[in-house]
Amino acid sequence: MIQKNLFMIDNLVIVESPAKAKTIEKLLGKEYHVASSMGHIRDLSKKDFGIDLNNNYAPEYIIPNDKKKIVANLKKLAKEAKIVWLASDEDREGEAIAWHLGEVLKLSPAITRRIVFSEITKTAIQESIINYRSIDQNLVNAQQARRILDRLVGFELSPVLWRKVKPSLSAGRVQSVAVRLIVEREREIINFSPKSSFRVTGIFKPDDAEKGKIHKFVAEVNKRFKDKNEALIFLERCSTGEFNVSDIVKKPSKKSSSPPFTTSTLQQEASRKLGFSVSQTMTVAQRLYEAGHITYMRTDSVNLSQLALNVAKKVILEEFGEKYSNRKNYITKSKGAQEAHEAIRPAYIENKTIHGTNAEKRLYELIWKRTVASQMSDAQFEKTTVTIDVSTAEEKFIAQGEVLKFDGFLKLYIESSDDESNEDEIKGFLPPLKPKQFLIRETIAAIQRFTTAPPRYTEASLVKKLEELGIGRPSTYAPTISTIQNRGYVIKEDHEGKERKLLILTLKNKSITESEQVEIYNREKSKLFPDNIGMIVNDFLIEYFKEIMDYNFTATVEKEFDDIASGKMEWTKMIDRFYKPFHKKVENTLKVSDYSKGERELGPDPDSGKQVIVRMGRYGPIVQIGIAGDKLAEKPRYASLLKGQNLETITLEEALALFKLPRSLGDYEDKELVVGIGRFGPYVRHNNKFYSLKKGVDDPYKIDQNRAIELINEKIEQEKNRIIRTFSDEPDLFILNGHWGPYISYKKNNYRIPKKTNPEEMTKEDCMKLITSLPNVKKTKK
DNA sequence: CAGTGAGCGAGCTTCCGCTTGACTT
């Protein structure tokens, strides 16, 4: 039978994501056509803020170019439909999307129905269709207020930075606070002074230990000794003391599984367990979602659908048995959560693995384990604490043992933690012991320990912090992290640690020996460091715009958005109350603030007596000796800071050292040899050519002429091998040996030579033919 | 692979949250 009408769609459902559309269409059947809007279809115009400041903040919305096609298509579909179901997400942004759709597609209220569901299951969707409603204008207004506030903040503050700090910079409600967190953490670390103390541990065994059985165990003294002397006194007492068990306490303990993943917790765990960056996690998750392997990946909800709970239970019963099953629902505790979706979980929990790339498989497996584990029983332990008295001292040794009685969810999943404290925990094995039992002492060691500074943020731990503060949304965590790096506020990098010596006192038999151990500390991998410009912008914004930079600013305005959503407040009034004083501050700041350069005085130059300062120059951070402007004075001398040097931490000595370069090494073949440090590291310059110094071998401050000439000759030798052919009648044409094999260079453009061709036999004509037929591989920059 | 320091100027830069390709190499 032919379909009743081919051109008329009875029901058009519009959702945000095309993958979601596909799934829903399957669940709804033939009478429903499901289309997607691809998120928002309109945004504020960029002209004049897109806000009419003289007309009660009336927004001017436009359809961005990349959405025009989508909108045109939706318009066509809507015209043909009898009923249009607006099924965008059940939150502020989703409500606004539905409203914009209504406006742009000119949908009459009579045929428009707003539906919402927070899980994609047949029953949930059918229920939503029965309970359809109209658009909630208050909620839409809350979104408009949010949008307009962000635009006003971003587009008023950024130009202030262009004028007062540097062009193209940016500021915003979310990104500026993210940078602040990193800057403040860095300063905590800079100002941190480690304190050392001595931690004493002993190895003991029971006096009735049977031969051949493991019986040694470790116990730690219940206090730290503040210096070497105190530790020594204690060890001396131990050397003549007797040790006996004064107390044994056994206590059951348990550990519960973690809730299923949200965007933020997925990013954290993928970072810790798989080493993924935040954006990498999102790209892989997106592919899993599009392939139908997982539910939506941008969510702040820990909720699982009834269907998911049932399947998870079934899987656990089959795999692990009744004892391991513990069905539970988690409650979202993060600030500002809007819970329009489920938690991130496998679409089909019965599938333990999927086909895909390595990264996809690993991320899927992580999601699968976390989801299933969330429905499993607590792990149960028995903790034993043994107290050991020393006959010659007041301090006591404490030994702790932990026995796993029931593994529960640990059978499947162990959550990783952020703090990488290297304190090896004294936990685990304990031999059978009785109260009052005497113990045989083996060695007792006092090891020096330093307190450690708070850790720098990783991308993922910054997301965690932002979420705790209610700043940003699942869809913006990854882009925000990228923005603050793209602006140069923050750099993600590794730092080699520093070494320090730890003193160790060891009591063995009756004698105490002293030794040293080298510890590496402050080693960082893929951590976020503020760059100079990030610190300058942060300090500027905090000085003039304290309110925006406040960690509670978002939380405060969110409360007002909630009042707008519940109809208790008018959105234009809220915006007006914010904008009037804010705009005044912007104007005042433009008037009163100085150009912000992060200037710092380091003291006088011992040679000239002139002031040495560091500041941000036009092209980066520089040191300057002497003050400019005074016509009588000599011009100041300048030197750029090296990579890794910081305006905030550089010392006078380090700054003065920068003026020792470039340094002349005398003449060679009638031209001067000069050593310097450039963009690509230390170099020797000769006859306008640059030769890199060998990393780890040459020191630009110490290198002599002989070594410099050696480097030059080495490079000339290399160059010789580089040239395969030249042509006397065409000086711009070369056949060269490159990193990736032979290639043709012609007028600064490079062309790849096909594998079959022998480059040594090529004629000029062969080359020219290749050049005209091939697009050049890569244009040389500049 | 190639590459190693500076101030006229015109016009541009920018926000946060929803979404997915279109582009290179």
Side-chain angles (χ1 to χ4, degrees), chain A residues 15-21 36-44 46 49-51 64 66-67 69-70 88-89 91-98 100-101 143 146-163 166-176 282-283 286-287 289-290 296-298 338 340 471-480 483 487 548 554 617-620 622 628 638-640 661-662 674-685 688-693 722 736-741 743 745 748-750 752 777-782:
Chain A
V15 296
E16 291 172 44
S17 141
K20 191 171 171 182
S36 60
S37 75
M38 306 272 193
H40 276 293
I41 53 158
R42 286 204 298 188
D43 192 14
L44 293 174
K46 292 204 173 182
F49 289 12
I51 301 163
D66 58 329
K67 291 290 167 65
K69 234 171 137 178
I70 295 155
S88 44
D89 293 346
D91 59 15
R92 202 162 62 201
E93 298 295 327
E95 200 68 16
I97 288 172
H100 281 298
L101 282 167
Q143 191 275 346
R146 198 280 303 155
R147 180 68 192 90
I148 285 167
L149 178 105
D150 282 335
R151 170 55 68 83
L152 289 171
V153 170
F155 275 36
E156 292 234 346
L157 282 189
S158 299
V160 177
L161 295 180
W162 304 345
R163 296 218 356 224
K166 201 181 133 175
S168 301
L169 294 175
S170 63
R173 171 176 59 84
V174 173
Q175 59 168 290
S176 296
M282 293 314 282
T283 312
Q286 175 87 29
R287 283 207 301 272
Y289 168 65
E290 282 168 10
Y296 197 57
M297 65 283 157
R298 290 186 274 263
Q338 305 200 5
I471 298 170
R473 305 275 316 125
S475 69
T476 59
Y477 294 138
T480 301
T483 300
R487 297 271 175 276
I548 308 285
T554 291
R618 185 80 186 78
Y619 298 95
I622 52 173
Y638 298 103
S640 280
L661 296 175
V674 177
V675 197
I677 296 179
R679 228 166 12 122
F680 307 101
Y683 64 89
V684 179
R685 191 176 61 199
N688 279 332
K689 281 192 177 154
F690 291 83
Y691 307 88
S692 290
L693 302 200
R722 211 180 123 226
L736 301 173
N737 218 342
H739 211 219
W740 303 313
Y743 69 101
S745 169
K748 299 234 160 186
N749 284 338
N750 299 339
R752 171 170 254 135
V777 176
K778 194 180 156 192
K779 279 204 164 162
T780 3
K781 278 175 203 164
K782 275 199 250 183

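Source: prediction; values computed, not measured. Chain naming here is simple, since letters A, B, ... match the order of the sequence lines and numbering starts at 1 in each.
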Undergrad: On the nucleotide B:dT14, are OP1 or OP2 found under 4.0 Å from the side-chain N or O atoms that A:Arg163 carries?
TA: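 No, outside the criterion.
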Undergrad: Does B:dT19 have its OP1 or OP2 closer than 4.0 Å to a side-chain nitrogen or oxygen of A:Ser17?
TA: no
Undergrad: Rounded to the nearest angstrom, tell me the gap between atom CG in A:Asp91 and atom P in B:dG17.
TA: 12 Å
Undergrad: Just to verify, which of A:Glu95, A:Glu93, A:Arg92 counts as forming a side chain to side chain donor-acceptor pair (under 3.5 Å) with A:Gln143?
TA: A:Glu93
Undergrad: Can you tell me how far apart CD1 (A:Ile471) and OH (A:Tyr477) are? Round to the nearest 0.5 Å.
TA: 9.5 Å
Undergrad: Kindly say if A:Ser158 contacts the phosphate of B:dC15, meaning a side-chain N or O under 4.0 Å from OP1 or OP2.
TA: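 Looking at the OP1 and OP2 atoms of B:dC15, neither is under 4.0 Å from any side-chain N or O of A:Ser158.
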Undergrad: May I ask you to verify whether the side chain of A:Ser692 and the base of B:dT4 hold a donor-acceptor pair under 3.5 Å?
TA: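 Yes, a donor-acceptor pair under 3.5 Å.
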Undergrad: Below 4.0 angstrom from OP1 or OP2 of B:dT20, is there any side-chain N or O of A:Ser36?
TA: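 For B:dT20, neither OP1 nor OP2 has a side-chain N or O of A:Ser36 closer than 4.0 Å.
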Undergrad: Determine, using ring centers only, whether A:Tyr683 and A:Tyr691 are less than 6.0 Å apart.
TA: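 No.
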Undergrad: Side chain of A:Arg146, base of B:dC16: donor and acceptor closer than 3.5 Å?
TA: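 Under the 3.5 Å cut-off, the side chain and the base do form a donor-acceptor pair.
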Undergrad: Provide, to the nearest angstrom, the distance between the CE atom belonging to A:Met297 and the C1' atom belonging to B:dT19.
TA: 9 Å
Undergrad: For a quick check, tell me whether the side chain of A:Ser168 and the base of B:dT13 share a donor-acceptor pair closer than 3.5 Å.
TA: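 Indeed there is one.
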Undergrad: Pick the closest DNA chain B nucleotide for A:Arg473 and for A:Leu157 by heavy atoms, then say which residue is nearer the 5' end.
TA: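 The residue mapped nearer the 5' terminus is A:Leu157.
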Undergrad: NE2 of A:His40 versus P of B:dT20: gap in Å, rounded?
TA: 13 Å
Undergrad: On the nucleotide B:dC16, are OP1 or OP2 found under 4.0 Å from the side-chain N or O atoms that A:Gln175 carries?
TA: yes
Undergrad: Which label fits B:dG21, syn or anti, where anti is any glycosidic angle not within 90° of 0?
TA: anti
Undergrad: Could one point to a donor on the side chain of A:Arg147 or the base of B:dC15 with an acceptor on the other under 3.5 Å away?
TA: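 Answer yes: a donor N or O sits under 3.5 Å from an acceptor.
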Undergrad: Distance check: side-chain N/O of A:Arg487 vs OP1/OP2 of B:dC15, anything under 4.0 Å?
TA: yes
Undergrad: Roughly how many Å is it from CZ in A:Arg151 to P in B:dC16, rounded to a whole number?
TA: 11 Å
Undergrad: Below the 4.0 Å mark, does B:dG5 have OP1 or OP2 next to a side-chain nitrogen or oxygen of A:Ser640?
TA: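 A:Ser640 to B:dG5 OP1/OP2: no side-chain N or O under 4.0 Å.
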Undergrad: Tell me the interatomic distance from A:Asp66, atom CG, to B:dC18, atom C1', rounded to whole angstroms.
TA: 12 Å
Undergrad: If each of A:Glu290 and A:Val153 is mapped to the nucleotide of DNA chain B with the nearest heavy atom, which maps nearer the 5' terminus, i.e. the 5' end?
TA: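 Per heavy-atom nearest nucleotide, the more 5' residue is A:Val153.
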Undergrad: Would you say a side-chain N or O of A:Arg92 is under 4.0 Å from OP1 or OP2 of B:dC18?
TA: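 Answer no for this pair, as no side-chain N or O of A:Arg92 is under 4.0 Å from OP1 or OP2.
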Undergrad: Describe the nucleic acid contact of A:Tyr296 in one word from base, sugar-phosphate, nothing, applying a heavy-atom distance below 4.0 Å.
TA: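 Sugar-phosphate only.
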